[in-house]
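We name chains A, B, ... by the order of the sequence lines, and we start the count at 1 in each one. Excluded from the calculations below are hydrogen atoms, water molecules and symmetry mates; all remaining heavy atoms, backbone and side chain alike, are included.
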2 protein chains.
Amino acid sequence: MKDLLPVIDYVSRYVDLTDDEKKHLATFLKITKVKKRQFIVQPGFVCKHKSYVVKGAFRGYLVDNEGKEHTLSFAIEDWWISDYSSLIYQEPATLFVEALEDSVLIQIEYEDEQKFLREIPKLEKFERIITQRSLAFQQKRLLSNFTKTAEERYDEFISKYAEIAKRVPQYALASYLGFSTEYLSKIRNRKTSKS
Amino acid sequence: MKDLLPVIDYVSRYVDLTDDEKKHLATFLKITKVKKRQFIVQPGFVCKHKSYVVKGAFRGYLVDNEGKEHTLSFAIEDWWISDYSSLIYQEPATLFVEALEDSVLIQIEYEDEQKFLREIPKLEKFERIITQRSLAFQQKRLLSNFTKTAEERYDEFISKYAEIAKRVPQYALASYLGFSTEYLSKIRNRKTSKS
DNA sequence: CGAATTTCCTAAACCAGTTCATTTTTATTT
DNA sequence: AAATAAAAATGAACTGGTTTAGGAAATTCG
């Protein structure tokens, strides 16, 4: 139970749970350890879990027809990650979700989640709120892609998510921001020569 | 009540409501008529409603620093529209939401929604599900922007949303797909000269 | 440790999509 | 039906970001 506290606490930020409810919720959680470069989601397989990062770093990405990678999301400590589409529709994933470091996760299985949403209706509210926030976040990202240049998006990311930028490889960052690694080098070069 | 049925039916697709609950929900809904070119959301003002389109067409867009427009969403009959960020955080909107035709809406006020979510907890589930679906949709759109060329995105949109493509102005469609109107003309030209 | 693999950087040619300036077509209003 | 405004088209010059191809660092792992 003690190891599962991070998720219990996370949920408690959004809804008040009784001790019984916390214990009940805990029975649905399980700890998973993964090594660097290991996949927790792969295209073709239905995504079975929603994962909370206790320790480590992850990256969710798609490989397109030309073999190019496009990063959809990162997750470090206290973030969640999965192939959202695959999870909610329980259809084969299109994304890879890969550990960028040796990591520790707390996972919730899809079927279990459906079960406890029925048993603890309060958690519906939790789900609704965090989904709404993800949606608002995604909307901002889409707009940022439309309205800003590559360099502006880079600057924005560095200032908002310095910690993530430090920990993930640069090709991953470039593919998250929507441009090539070569161009990222160019940007960085421009900056260091300026200052 | 009869005029409000479209929304009651919409909600009923996702959760089972008793007749009493339906009546209760109906008390929170109101019909609004708007003329073409009228705004239902404007930057600087807090977005107060979530709107369901009974009749007509809308477009949600942002105007960036250079004065360029970027369309985030369209809505025709049986779709919802609002400035989602502004609504859930109750902070000033960044988007315009404008009627593209004379239209009829059913609106839910923010405070009322908070109230009925408390009074009819079943509706939390409804909210969760539709928000999850919007999120999955947005994710696909982001990926499509990353992985596909302008022309591919155009083709995809035409085949998935023929009805919308027919009804909205082309500059709106171009700014939704993330390129200039001039380029959209070019694409269309390429197509007609081919066939 | 040392070899292999992964990651990062550089530079020149190139192209998808933009910008600018002007014209034609289509809606809207009186 | 004319007048005006809004939307769509066209073409030439341009640019932000890609591609290709190479070499230099940095990690990983036996």
Check your understanding: Does the pair B/Lys186/B/Glu151 count as a salt bridge with the N-to-O cut at 4.0 Å?
Key -> no

Study note, to complete from the structure: In whole angstroms, the gap separating C1' of D/dG17 from CG of A/Asn145 amounts to 14 Å

Review point. Are the charged groups of B/Lys115 and B/Glu109 less than 4.0 angstrom apart, N to O?
Key: no

Check your understanding: When you measure from the side chain of A/Gln170, which nucleotide among D/dT19, C/dG17, C/dC9 comes out closest?
Key -> C/dC9

Review point. When all nucleic acid strands are considered with a 4.0 Å heavy-atom cut-off, which category describes A/Thr181: base, sugar-phosphate, or nothing?
Key: nothing

Practice item. Rounded off to whole Å, could you give me the CZ-to-P distance for the B/Arg188 and D/dA7 pair? Key: 15 Å

Exercise for review: Inspect the surroundings of CZ in A/Phe45 and state if more than 12 heavy atoms from other residues, nucleotides or ligands are less than 6.0 Å away.
Suggested key: no

Study note, to complete from the structure: The answer to which of B/Lys36 and B/Glu182 contacts DNA chain C further toward the 5' end, by nearest nucleotide, is B/Glu182

Review point. Less than 4.0 Å between a side-chain N and a carboxylate O, is that true for B/Lys55 and B/Asp102?
Key: no

Point to revise | N or O in side chain of A/Arg37 less than 4.0 angstrom from C/dT7 OP1/OP2 | key: yes

Exercise for review: Round to a whole Å and report the spacing from CZ of B/Arg167 to C1' of C/dT26.
Suggested key: 19 Å

Review point. Just how far, in rounded Å, is C1' of D/dA9 from NZ of B/Lys191?
Key: 17 Å

Exercise for review: Give a yes or no on whether a salt bridge exists between B/Glu98 and B/Arg37, defined as a side-chain N under 4.0 angstrom from a carboxylate O.
Suggested key: no

Review point. If only side-chain N and O atoms of B/Asn189 are considered, is one of them under 4.0 Å from the OP1 or OP2 phosphate oxygen of D/dT10?
Key: yes

Review point. What integer distance in Å separates A/Phe146:CZ from C/dT18:C1'?
Key: 15 Å

Exercise for review: Figure out the NZ/P separation between B/Lys186 and C/dC15, and round it to whole Å.
Suggested key: 14 Å

Exercise for review: Ignoring hydrogens and angles, answer whether the base of D/dT19 and the side-chain atoms of A/Lys68 contain a donor-acceptor pair closer than 3.5 Å.
Suggested key: no

Study note, to complete from the structure: A/Glu151 CD to D/dT18 C1', in whole Å, measures 17 Å

Exercise for review: Counting heavy atoms from C-beta on, name the nucleotide in D/dG17, C/dG17, C/dC9 closest to the side chain of A/Ser185.
Suggested key: C/dC9

Review point. For the pair made of CG in B/Asp102 and C1' in C/dT28, what is the distance, rounded to whole Å?
Key: 12 Å

Review point. To the side chain of B/Phe179, which of C/dT7, C/dG17, D/dT18 is closest?
Key: C/dG17

Point to revise | Proximal nucleotide (of C/dG17, D/dA8, D/dG17) relative to the A/Ala150 side chain | key: D/dG17

Review point. According to a strict under-4.0 Å criterion, is B/Tyr183 in side-chain N/O contact with OP1 or OP2 of C/dT18?
Key: no

